Amino acid sequence: MALFRQLSLGSKAALAAATVFVSMILSRSFLAETLELRAWRWLFRLQLALFVNSLMLIGSLYIWRSTVSNLSHSPAVESTCFQLWKLVVMAFLALAHSSFFTMLFLVAEEPYVFSLAAYSCLGAYIIMVFFLCILNAMEQAYQFLAWRSGRVVGSLDKTRHLVLRPALAVAVTAVLSTIGLLNAAQPPVVKTVEVPIHQLPTSMNNLKIVLLSDIHLGPTVGRTKMEMFVRMVNTLEPDITVIVGDLSDSEASILRTAVAPLGQLRSRLGTYFVTGNHEYYTSDVSNWFTLLESLHVRPLHNENVKISAPRDQGGRGADTEWVCLAGVDDIEADILHYSGHGMDLEKALEGCSPDDATILLAHQPLAAKRALQARPDINLILSGHTHAGQIFPWNVAAYLLNPFFAGLYQVGQATFVYVSPGTAYYGIPMRLGSRAEITELILRRAP
């Protein structure tokens, strides 16, 4: 205990995060099978919120030290403005920390203002921590160069830097946050992409698939946005609509009315869905499957459907000409040991031969890479998950951690992967360096 007291606040926060992380592993190993499902959901989400908040404490201490504590020796420390500034910083950090708890208590048909404010502060928090670190590194480099040149940095320069660094970070954060909020508030852009498919039947040339992903119904995305997405999709008159995971961030019973507009989707050959990692975080996948089926959206749970062109008015058609549309569970179902779920490519492609035109729905680009290693004959894989980074500096991390980042990739001679940057956003209602998208894929028969 004496050793714990001697630790810095940052070290205590890191230790708390590690403790919560270990408790998540232990509860997953020993309690998942014994607790009632609803209780398990709450425990998992509470642990996740506590883990994230423990990590955030490190950043919060850094922000507080940079924007408040380092200014405590300033002559203005006793002024009313400085006291108000301290209250503003405290409120900002409190809102940012409360964001993940809104997932537990404030999810409804439409977002609550508090949830939107909390997640907006979380986005600003991420930007501010990053730029404070950048400015601190620049200051350290300046001091090092000054030392190398033999020039002594005076106390006046140090005081000026202590004030300039947080002021500049706050200004940059405010500007970028505003841009991000305005960008995310815009309707998703409709992007048309043509993909050549070698085995595509003649009767299905110019097949139109509309791709949605990462809608994240939850604390900051509700029914109004879903209605907008459905209207935009219907305007495109798709043959097939696919939703490649991360549709929701809460239980089906809570978001039933928010997701209801999906029942108004008009796709000639059907609407299909595969799970993303966030569906498994809800621990409510079976209820989501039932709800989606009631809305005429078919989940592909490691399975496939053979889609044929509709018969013409004379009753003629080509029933032997079809496209194999397959879907796999998200790979995190295996990591979470979610009973009855997990990526099973062999089962998903059962009956789809290399001679067939095959389209695979797989939420994560990493799953797409694994699928191509096992079955390089797949013609097209549709994924999401990356959000194209959503906000800076996550863009860089998303690019480095995924084999495919965003957009269309050609793999080999006849295989393509398309990664959607997402139709909405996760939690934080901001987009920096990326734009929400509804993708219209036109499949052309390749010679």
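These figures come from a predicted structure and were not determined experimentally.
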A.B. asks: Between the side chains of Tyr280 and Thr275, does any donor sit under 3.5 Å from an acceptor?
C.D. replies: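 The criterion, which ignores hydrogens and geometry beyond distance, is satisfied for Thr275 and Tyr280.
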
A.B. asks: In sequence, state the C-alpha distance, the side-chain angles, and the governing distance for Glu303 and Arg298, and then conclude on salt bridge (charged side-chain N to carboxylate O under 4.0 Å, His left out).
C.D. replies: CA-CA 11 Å; Glu303 57 187 314; Arg298 176 170 175 178; 3.2 Å; yes

A.B. asks: Among side-chain atoms of His301 and Asp329, is any donor-acceptor pair under 3.5 angstrom?
C.D. replies: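 Yes.
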
A.B. asks: Please evaluate residues Asp330 and Asn277 with respect to the criterion side-chain hydrogen bond (donor to acceptor under 3.5 Å, both in side chains), reporting the C-alpha separation (whole Å), side-chain torsions for both, the decisive distance (0.1 Å), and the verdict.
C.D. replies: CA-CA 6 Å; Asp330 184 68; Asn277 51 312; 5.5 Å; no

A.B. asks: How many angstroms lie between SG in Cys121 and CE in Met128, if you round to the nearest 0.5 Å?
C.D. replies: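 Cys121 atom SG to Met128 atom CE measures 10.0 Å (nearest 0.5 Å).
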
A.B. asks: Nearest 0.5 Å please: distance from the CG atom of Asp284 over to the OG atom of Ser250.
C.D. replies: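 It is 8.0 Å, given to the nearest 0.5 Å.
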
A.B. asks: Just checking, is any N or O donor in the side chain of Glu109 or Thr257 under 3.5 Å from an acceptor N or O on the other one?
C.D. replies: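 On atom types as modelled, these side chains qualify, holding a pair under 3.5 Å.
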
A.B. asks: Establish, from distance only, whether the side-chain atoms of Tyr338 and Glu332 form a donor-acceptor pair under 3.5 Å.
C.D. replies: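 No donor-acceptor contact under 3.5 Å links the two side chains.
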
A.B. asks: Given the rule in the ring pair (Phe, Tyr, Trp, His ring centres under 6.0 Å) test, do Tyr425 and His216 qualify, once you have shown the distances and angles that lead to the verdict?
C.D. replies: CA-CA 7 Å; Tyr425 44 77; His216 288 285; 8.7 Å; no

A.B. asks: Please check if the distance between the ring centroids of His278 and His363 is under 6.0 Å.
C.D. replies: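 Between His363 and His278, which both carry aromatic rings, the centre distance is not below 6.0 Å.
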
A.B. asks: So Glu251 and Ser253, side-chain hydrogen bond (donor to acceptor under 3.5 Å, both in side chains) or not? Walk me through it.
C.D. replies: CA-CA 6 Å; Glu251 294 95 329; Ser253 59; 5.9 Å; no

A.B. asks: Please report the interatomic distance CG(Leu380) to CZ(Phe416), rounded to the nearest 0.5 Å.
C.D. replies: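 Here the rounded value is 8.5 Å.
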
A.B. asks: Side-chain donor-acceptor pair under 3.5 Å between Ser60 and His97, yes or no?
C.D. replies: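 Indeed, the side chains of Ser60 and His97 share at least one donor-acceptor pair under 3.5 Å.
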
A.B. asks: For the residue pair Thr439 and Val210, establish whether any side-chain heavy-atom pair is separated by less than 4.5 Å.
C.D. replies: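 Not in contact.
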
A.B. asks: Is it true that the side chains of Thr173 and Ser177 contain a donor and an acceptor less than 3.5 Å apart?
C.D. replies: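 Absent: no donor and acceptor within the cut-off.
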
A.B. asks: Which pair of non-hydrogen atoms, one from Pro188 and one from Met232, has the smallest distance, and what is that distance?
C.D. replies: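 Closest approach of Pro188 to Met232: O-CE, 3.1 Å.
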
A.B. asks: Compute the ring centroids of Tyr418 and Phe404, then answer whether they are less than 6.0 Å apart.
C.D. replies: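 Not under 6.0 Å, so no.
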
A.B. asks: Tell me whether Arg431 contacts the main-chain N or O of His387 through its side chain, where contact means a donor paired with an acceptor under 3.5 Å.
C.D. replies: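 Present.
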
A.B. asks: As an exercise, state the distance from CG of Leu325 to CD1 of Ile209, rounded to the nearest 0.5 Å.
C.D. replies: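 So the CG of Leu325 and the CD1 of Ile209 are separated by 6.5 Å.
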
A.B. asks: When you measure from the side chain of Asn234 to the backbone of Arg266, do you find a donor-acceptor pair of N or O atoms at a distance under 3.5 Å?
C.D. replies: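 Yes, the answer is positive, given that a donor and an acceptor are paired below the 3.5 Å cut-off.
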
A.B. asks: Would you please name every residue forming a salt bridge (Lys or Arg N to Asp or Glu O under 4.0 Å) with Glu440, sequence neighbours left out?
C.D. replies: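 Glu440 satisfies salt bridge (Lys or Arg N to Asp or Glu O under 4.0 Å) with Lys208 only.
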
A.B. asks: Side chains of Thr224 and Glu110: donor-acceptor distance under 3.5 Å anywhere?
C.D. replies: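 A pair is found: one side chain offers a donor N or O, the other an acceptor, under 3.5 Å apart.
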
A.B. asks: Rounded at 0.5 Å granularity, tell me how far OG1 in Thr102 sits from CG in Leu95.
C.D. replies: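 Reported value, rounded in 0.5 Å steps: 10.5 Å.
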
A.B. asks: To the nearest 0.5 Å, tell me how far Ser120 OG sits from Met430 CE.
C.D. replies: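 Atom-to-atom, Ser120:OG and Met430:CE are 5.0 Å apart.
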
